[in-house]
Amino acid sequence: MRFFTKFLTTFIAVLLLPIIMVSAQNPTVNPGENLVTDGIPPIPASLTETVDRYTQFRSASLASWHPSRREMLISTRFGDVPQVHLVKFPLGSRKQLTFFPERVGGGTFQPTEGKYFVFSKDIGGNEFNQNYRYELATGEITLLTDGKSKNSRGVWSNQGDRMIYTSTRRTGKDNDYYIIDPKNPKSNRLLAQVEGGGWGSLDWSPSDRQFLAQEYISANESYLWLIDTESGEKKLVTPKGGKEKVAYYGGVFSKDGKGLYVITDRDFEFSRLAYIDLATSNYTYLTSNIPWDVEDFDLSHDGKHIAFVTNEDGASVLHLLETATGKEKPLLKLPVGNIYGVNWHRNNQDLGFTLVSARTTADVYSLNILSNKIERWTESETGGLNTENFPEAQLIRWKSFDDRSISGFLYRPPAKFKGKHPVIIDIHGGPESQSRPSFLGRGNYYLNELGVAILFPNVRGSSGYGKTFLKLDNGYLREDSVKDIGALLDWIATQPDLDKDRILVTGGSYGGYMSLAVATKYGDRIRASIDIVGISNFVTFLEKTEGYRRDLRRVEYGDERDPKMREFLLKISPVNNASKIKKPLFVIHGKNDPRVPLNEAEQIVATVKNNQVPVWYLMAKDEGHGFSKKKNIDFQFYATVMFIKQFLLN
């Protein structure tokens, strides 16, 4: 069982190159029929040869164990986008099972016999995922959902005869619960109606009579419900209306069905692993000795062990807990990096997970808890480069305007680059996400070949540092996070090896907003900025983001329907301050983005063009909230390299 799959798309890269148009004198790269460019100069074919090895990284993530055999489904790519592959033993060949022009988001085996699995995919990055059944014996694929709405893949019953999933098909904005026998698509029926787009599926009770559901309101507020799997009747497990908002991040039933194991920040600054007794509603906290967030966990099928992962200053630490005693068992120390997707095999011995670090792309591993042996299941290609020479992340801290300590991760170029290094500040999205030590993929080219330092800040509002820190940018506090970057610019100026006069700011989604906001507030202190699928006007963003997301985003950013808040949001929106952007800007967006609509890119491009500064624009007609197809990612990379060389390095 996996609760944190948002990292999967970060680490899965893809294979085909854009077409090279050869002329007698100056061969250039054709962006392809699905890419629209404006202001981007012709890209010389020689550039693709220079950077090629940095575009050939692959990665893999664990999708599902086979219920009886020691085999697994993984997600990786050999063509243009990630697909489902079967691996039959550690470091065995990866047999590709799905072949679509769109990425396939993993798959889950039917949990008793494993003769088929269920997978999901969207079209063009629109995130309106549909579920499909894949028969291993024949390769036959059957659509299980309506083909139009947004659907979660769902959770299997213990008997393996039904799945419960969420779908927006009734209203377009409410995540109702549906139940289906995947062997019989006609069995599909509405189980329970709900209000809002934040509802998710967690776990079936051992008897399959109840289902555990999550109602997500915000990063600081969520609730757990029990749903009767026959009648659809709902019962609230975690009370509402307390003095302080409480968040629950996933949950599973105990083996006897008498309680729930959950992750929650109830009565604590960080998220703890806890046991809730369903009869008494009493809580037993299992990780109070760890002053960091528990971010992922899975209960073994016999109920005897819980594997869980803590986020300790951005680095993942794997733990193993005995449920009978509440004591931890010692484990081998893993490399510093991120661990996600912890998943027990039904043999109750093998724990699968995905691991990524600064020097290793994401790959799949398993740990046998009896022998304490770690086995590697995939070894993804790295373009022939020796990644052991790649720089490691350095944890840094600086004081912000209110004397609060802010942290981030800095990658310094190799020692062969002397003098002061240009700096790329890359700000994460979310806004509740967190930058963590990870494999930079194409970003390693900037470090190793251009001598550019890369800095990933975790401004206020980032997760991983406690719930108080998480709320410091909400509503009217929004621009305080921008001031954290202003303080970072001050810190860079104090570093003898960093060049305060050559700084570029970039980011995706909320990070795109941050890059635009920095360009308006601190434009005299940066050389350029790159906005990737970013928000340029909070009001138009909130009005046009997909209906199932709108109320969830209003909790974070503020409700644009309130006149006072609307005035504030318009005041701080970059598009309304775009006259202050005097440095070159590169804007990148997908036409089918359901989160941050394309209009956000179009309006900032049109406005900044009036400033008589260089504006580059790249739009993909077959992408959504970030590019997923390798040919598009590669062209974006080529253009970004040119932008950096022209405006940061010169």
Side-chain angles (χ1 to χ4, degrees), residues 4-13 54 57-61 270 290-296 308-319 331-342 353-365 374 376 380 382 385-398 405-414 421 423-430 432-448 452-459 462-466 469 484 488 491-492 495 497-498 506-508 511:
F4 298 88
T5 58
K6 64 183 179 183
F7 299 99
L8 297 187
T9 56
T10 304
F11 304 117
I12 302 297
Y54 288 90
F57 297 120
R58 287 198 182 97
S59 43
S61 58
F270 293 91
I290 302 175
W292 297 102
D293 282 337
V294 176
E295 61 180 2
D296 193 7
F308 67 95
V309 179
T310 52
N311 172 2
E312 304 188 8
D313 239 340
S316 295
V317 179
L318 180 64
H319 303 259
L331 295 175
L332 291 174
K333 189 174 182 179
L334 294 168
V336 175
N338 303 152
I339 298 166
Y340 59 94
V342 291
F353 56 91
T354 304
L355 171 68
V356 62
S357 71
R359 293 178 175 172
T360 58
T361 185
D363 270 314
V364 182
Y365 299 79
I374 293 176
R376 187 170 185 168
S380 296
T382 56
L385 294 165
N386 181 7
T387 61
E388 290 303 311
N389 297 326
F390 286 6
E392 294 272 16
Q394 175 191 353
L395 176 64
I396 63 167
R397 301 183 192 278
W398 66 94
S405 178
I406 308 296
S407 64
F409 292 96
L410 173 63
Y411 294 77
R412 284 186 160 93
H421 307 307
V423 182
I424 294 175
I425 299 175
D426 193 330
I427 308 170
H428 66 69
E432 310 97 344
S433 299
Q434 179 189 22
S435 291
R436 304 175 64 176
S438 188
F439 191 74
L440 298 186
R442 293 166 176 80
N444 285 291
Y445 177 81
Y446 310 135
L447 288 164
N448 299 333
V452 178
I454 307 177
L455 205 162
F456 296 88
N458 283 312
V459 296
S462 303
S463 60
Y465 305 99
F469 192 83
D484 290 339
L488 176 57
W491 180 87
I492 290 173
Q495 302 303 299
D497 63 333
L498 302 180
T506 185

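What's counted below: heavy atoms across the whole structure, side chains too, no hydrogens, waters or symmetry copies. If you're wondering where the values come from, they're calculated on a predicted model, not measured in any experiment. Residue numbers start at 1 and run along the sequence shown.
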Nearest atoms (heavy-atom pairs only) where Glu392 meets Ala358: OE1-CB, 3.5 Å
Check: Ile339 main-chain N/O paired with Ser316 side-chain donor or acceptor under 3.5 Å: yes
Euclidean distance, Gln434 CD relative to Asp293 CG, rounded to 0.5 Å: 8.0 Å
Positive for side chain to side chain contact (heavy atoms under 4.5 Å, CB included) with Leu410, one of Leu455, Ile492, Val423: Leu455
Over all atoms of both residues, closest heavy-atom pair of Phe270 and Gly466: CE2-N, 3.4 Å
For Pro413 against Ala453, the heavy-atom pair lying closest together: CG-N, 3.7 Å
Exercise: identify the closest heavy-atom pair between His319 and Glu312: NE2-OE2, 3.9 Å
Expected output: side-chain Thr382 to main-chain Leu385 donor-acceptor under 3.5 Å: yes
Close side-chain approach of Ser407 and Leu395, heavy atoms under 4.5 Å: yes
Close side-chain approach of Phe353 to Val342, heavy-atom, < 4.5 Å: yes
Sub-4.5 Å side-chain heavy-atom contact between Tyr365 and Leu334: no
Donor-acceptor pair, side chain of Asn448 and main chain of Tyr445, under 3.5 angstrom: no
Criterion side chain to side chain contact (heavy atoms under 4.5 Å, CB included) against Ile406, the qualifying member of Phe469, Trp491, Tyr465: Phe469
Nearest heavy-atom neighbours spanning His428 and Ser433: CE1-O, 3.0 Å
Close side-chain approach of Phe409 to Ser438, heavy-atom, < 4.5 Å: no
Expected output: side-chain Thr387 to main-chain Thr360 donor-acceptor under 3.5 Å: no
Minimum heavy-atom distance between Phe456 and Ile454, given as atom pair plus value: CE1-CG2, 3.3 Å
N/O donor-acceptor pair under 3.5 Å between Ser463 side chain and Glu432 backbone: yes
Asn458 side chain vs Ser435 backbone, donor-acceptor pair below 3.5 Å: yes
Inter-residue atom distance Lys333.NZ - Leu318.CG, 0.5 Å rounding: 13.5 Å
Validation row: Phe390, Phe439 side chains within 4.5 angstrom (heavy atoms): yes
Any Asp296 side-chain heavy atom under 4.5 Å of Phe308 side chain: no
4.5 Å side-chain heavy-atom contact, Pro414 and Asn389: no
Rounded distance (nearest 0.5 Å) linking atom CD of Gln394 with atom CZ of Arg412: 4.5 Å
Spacing of Tyr411 atom OH and Ile424 atom CD1 [to the nearest 0.5 Å]: 13.5 Å
Asp363 side-chain N/O to Ser380 backbone N/O, donor-acceptor pair under 3.5 Å: yes
Set of salt bridge (charged side-chain N to carboxylate O under 4.0 Å, His left out) partners for Asp484, sequence neighbours left out: Arg460
